[in-house]
Amino acid sequence: MSEFKPAESKSVSVPQETSLPPEPKRLSRRSVIATLGMAGVAAAGGLLTGGGLRSAYAGESQTVTDIVYGSRVNHPRDLMNMDFCTPSSIAALRAAKDARDGFLYYVRDQGQEGFFYYDPSDSTTADNTGLVLVSTVSGYRFKRIVDRDEISVKWFGAKGDGAADDMAAIQAAIDAVSVLGGGTVYFPVGTYIVSPLLQTKRIILKSNVNLRGEGSNSVIKVKNDAGDYWTIFGGFQGSPKVSNVRISHLRIDQNVLNNTTCSIDPGRDTNGTKDYYWRQFCIALFDFDNITIEHVQFAPICGVNTITLNNPACKNVRILNCSFEFVEARAPKYYDNSAVYINARSHTIQNCRFLNTNPKKYKAFGAMETHAGQSVVSGNITDGYFTGIHIQSSEIANDPELRKTLDFSDMTISGNTFSNACLAVQLWPRKEFPVKNVSITGNTISINNKHHNFSMMLGIGSFPGVLPDSGGYDNITISGNTIQFQEEFVRRNPNDPNEAGVPILEDRAFGIGFVRPVEASNIVISGNVIKNCPFTGIRIGNAEKLGKVTGVQISDNLIINAGHYPAANEKYKSAILLQSAVSEAYITDNYIRETYDTARGLYSIRINEADGTFSNIRLKNNCIASKQGGLGLDLGPGILFDERDGAVTRFVQAFPPISGTFETGAFVYVADPAVEQGRTPAGYKVTSGGTAGALTGVTASGSSGSAALNVNDASRLAAGQWIRIGSGSQRLRIVAISGTVLRVHEPVASGQPVTGAVSFVAPSFEPFGTIGRLSAIGDTNGSTLAQLESEVNRLKQALRDYGVLSL
């Protein structure tokens, strides 16, 4: 974001009234009651009984009034010694030509009621309407007696009537409290109209000045047809630092539908005018510490950000118990937006609600975006937002020392509910900085892929689109999340005017995954439930085979009905898919299930050498269930897996085996008790996978280039078996069976038979070792040449028997 020149604050002009008040008149206590009315009596009662002011004597705590006004009126007994004057008005005090020391003046202006006293020792304090009134005739200073540590905006002339422009009065209240050294600006129930404009008008926040209302009935509302503006509250880059501010119990209404003169236009960023002042933030700060925004209702809101707190060197931000309701603003085209954007250390977003009721697709783009780290995002609910949260590493200035101190992520995303999303939880490296040390746990996610009608979809993982950045991922834990997609059984048709379906990018749609062409390491995906993902349930790597992934644990996940969409590229119809260069991956104890009567998925686990290079990949104890016997494994050479997943070790009663499918790299041990000492092999290694036994009476028909085959009898076939058609040489592996339709691991190649008898492709074996010992060879000393030749031949045969010689 570019540098912004802060706008100069403008002084508040207050209309002066010229009528003079009557001479102060002493009243009896009984007359006070009759004159002030109930509101005045209540105020006076609090003051006179000591309930409203705390003592500044003997080291006791001081109030705002004590600090500002000194010892003139600082103790209840001083008030008891003062007399009342005839009730007055702000105009009358400003026109006063005389005043009495020791008298209380009660102002009855609506919303500005309160007691003032004359301070003869002060001749310099400026009139600010709310706390100090200055007579334009005599120069006397009349000072409000404050009975609590809150300063009402109405004292400064704010009407809160939904008609008058209260922006200047609100600013005057903030400025006055800032002069006092801090405190709270209070918004009584009402609707306060404000008129932000471009970079010239906004409400400037000040350090140590809090804003508090009475909840949703204290409304700050943008005026009709305000046009373009930068922000309602806050500043620009380069504005003074704002620290120790709490904004609470308010409603901020951007009056979206009635601002017909605005134009949120990202095109302005590139038109040469450097005009950024159309973004319509609600609260924007770029140098800050210790900012809390809680119990604020932002409804409706529309800007590029509702809250933007953007400086990675700043810290301590809390967004708590707020709600956000997005309505699209007037704009020439789609604009990127995030309700909460935080780039700061030590920040929390907790128990907030984000709602998008716009029927148009992905108009509410992002609920939350968090950078820089040491953050906790928990207990939030988003509904209808395209993205629940963007998790990004920080974009840090080109300062090596700053990078050393701020190069971290340390984020916890837990217990949130992201409903009706499209790209629910996205991890984005920024520039060369990796996203690292992130825990995403216990979230509930639903993907409304039909409604959003977008080309990509994901539950949790790396942003699947194209980014110029090179940062990777390290130490990411994704556990205990529940992710559910909408089912899509019909291919989207972009030419159908009634549907206008956006084609899905099949390699950019998955439940959980890391697919960017960058380095990724130490990834744990455990204990998640992923249901009805149209394409891949869990995916590591990318189709371009770029980047390297090291150290992956995929365990204890429940993946249901993955890959049910009628995809053109069927390798993505997989519960678990590994691509690119992956090393040290452990895939264990996952439950992969398909519940459809007609098989729709294709692979349970695919780790095929055609998709990348793999080393030290181990599968164990994965349970695969399907009504149609589908969801086969597609594993390349060198993938280690146990007997339930395809048998790294198998035992057979006799060799060669008469049935069973054997995978390349597996070891087969013969349990036949008949052993010839020194000659029977200890076992066999499978050098080429296949299915043992003979198959007769099964015929197939298909078409070249198709992976679907029709057979006359599928009862003797099973997923995982290797077959060929007729006299063809192509080895085809069955990955799914639906009725009499076989799905094989690759399309029938051109030139191969598509019709003919189906036979099993036999596995190839190579023996190793032997059982027992050969008998000793006798002493050959003194033997004839023929005897020696016979002994050498016996020795050579023994070497053959032990596998030392191959001929």
Side-chain angles (χ1 to χ4, degrees), residues 563 567 569-579 592 594 599-612 614 617 619 622 624 626 628-641 643-648 650 657 659-666 668 686-695 698-711 713-738 740-750 752-754 756-765:
N569 191 333
E570 294 192 331
K571 67 182 176 184
Y572 297 111
K573 294 169 65 65
S574 180
I576 298 174
L577 171 64
L578 269 56
Q579 296 178 298
I592 299 169
E594 182 173 296
R600 296 182 180 274
L602 199 57
Y603 303 109
S604 56
I605 302 173
R606 177 181 167 106
I607 311 174
N608 189 298
E609 64 271 20
D611 299 329
F614 308 103
I617 310 296
L619 279 68
N622 297 289
I624 302 166
S626 169
Q628 294 293 335
L631 299 180
L633 292 162
D634 184 5
L635 305 178
I639 308 301
L640 303 178
F641 51 99
E643 61 273 15
R644 279 190 283 179
D645 289 335
V648 66
R650 293 282 293 274
S659 64
T661 296
F662 300 84
E663 303 298 337
T664 301
V668 177
V686 181
T687 56
S688 178
T691 300
L695 179 65
V698 178
T699 59
S701 63
S703 58
S704 180
S706 173
L709 298 172
N710 292 296
V711 295
D713 180 7
S715 62
R716 287 176 286 168
L717 301 174
Q721 292 177 334
W722 290 92
I723 62 172
R724 64 167 48 97
I725 302 173
S727 60
S729 61
Q730 185 177 8
R731 296 160 48 86
L732 300 172
R733 181 172 184 170
I734 301 172
V735 296
I737 301 175
S738 179
T740 58
V741 178
L742 306 185
R743 303 302 299 270
V744 291
H745 79 290
E746 64 183 12
V748 177
S750 177
Q752 290 290 312
V754 294
V758 176
S759 61
F760 289 137
V761 176
S764 300
F765 300 94

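With sequence neighbours excluded, the residues that form a salt bridge (charged side-chain N to carboxylate O under 4.0 Å, His left out) with Arg606 are Asp611, Asp634. Looking at residues two or more places apart in sequence or on another chain, you find a side-chain contact (heavy atoms from CB on, under 4.5 Å) between Thr699 and Asn712. By the side-chain contact (heavy atoms from CB on, under 4.5 Å) test, Ser688 pairs with Arg731, Ser764, sequence neighbours left out. Residues that satisfy the side-chain hydrogen bond (donor to acceptor under 3.5 Å, both in side chains) test with Glu746, not counting sequence neighbours, are Gln730. Take Ser727 and apply the side-chain hydrogen bond (donor to acceptor under 3.5 Å, both in side chains) test, not counting sequence neighbours, and it matches no residue. With sequence neighbours excluded, the residues that form a side-chain contact (heavy atoms from CB on, under 4.5 Å) with Ala708 are Ser706, Val741, Arg743. With sequence neighbours excluded, the residues forming a side-chain contact (heavy atoms from CB on, under 4.5 Å) with Val758 are Leu695, Val698, Ala700, Ile723, listed by chain and number. Remark: Asp713 pairs with Ser715 by the side-chain hydrogen bond (donor to acceptor under 3.5 Å, both in side chains) rule, at least two apart or across chains. Here Phe760 pairs with nothing under the ring-ring contact (aromatic ring centres under 6.0 Å, His included) rule; sequence neighbours left out.
Smallest separation of non-hydrogen atoms from Ser704 and Val754: N-CG1, 3.5 Å. Shown here for Ala692 and Pro657, the closest heavy-atom pair between the two residues is CB-O, 3.5 Å. Nearest heavy-atom pair across Val686 and Phe765 is CG2-CE2, 3.8 Å. Contact between Ser574 and Ser604 at its shortest, heavy atoms only, is OG-O, 3.8 Å.
Side-chain contact check for Arg733 versus Glu663: some heavy-atom pair is nearer than 4.5 Å.
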Quiz item: Could you go step by step and tell me if Leu619 and Ile607 meet the side-chain contact (heavy atoms from CB on, under 4.5 Å) rule?
Solution: CA-CA 11 Å; Leu619 279 68; Ile607 311 174; 3.9 Å; yes
Quiz item: side-chain hydrogen bond (donor to acceptor under 3.5 Å, both in side chains) between Thr691 and Thr661: does it pass, once the steps are laid out?
Solution: CA-CA 4 Å; Thr691 300; Thr661 296; 2.9 Å; yes
Quiz prompt | Criterion side-chain contact (heavy atoms from CB on, under 4.5 Å) on Gln752 and Arg724, from CA distance to verdict | solution = CA-CA 10 Å; Gln752 290 290 312; Arg724 64 167 48 97; over 6 Å; no
Practice problem: May I have the step-by-step check of side-chain contact (heavy atoms from CB on, under 4.5 Å) for Leu635 and Asn608, ending in yes or no? | Solution: CA-CA 5 Å; Leu635 305 178; Asn608 189 298; over 6 Å; no
Self-check item: Leu732 vs Trp722, side-chain contact (heavy atoms from CB on, under 4.5 Å): CA-CA, chis, key distance, verdict
Solution: CA-CA 6 Å; Leu732 300 172; Trp722 290 92; 6.0 Å; no
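Checking side-chain atoms of Lys573 against main-chain N and O of Arg600 turns up a donor-acceptor pair under 3.5 Å. Under a 3.5 Å cut-off, the side chain of Tyr572 and the backbone N or O of Leu577 do not form any donor-acceptor pair. Formation of a donor-acceptor pair under 3.5 Å by the Gln579 side chain with backbone atoms of Gly612 is not found in this model.
Taking OG1 of Thr740 as the reference point, atom CG of Leu709 lies at 11.0 Å (rounded to 0.5 Å). Note: Leu742 CG to Asn710 CG = 8.0 Å, rounded to the nearest 0.5 Å. Here the straight-line distance linking atom CD of Gln721 with atom CD1 of Ile737 works out to 7.0 Å at 0.5 Å rounding.
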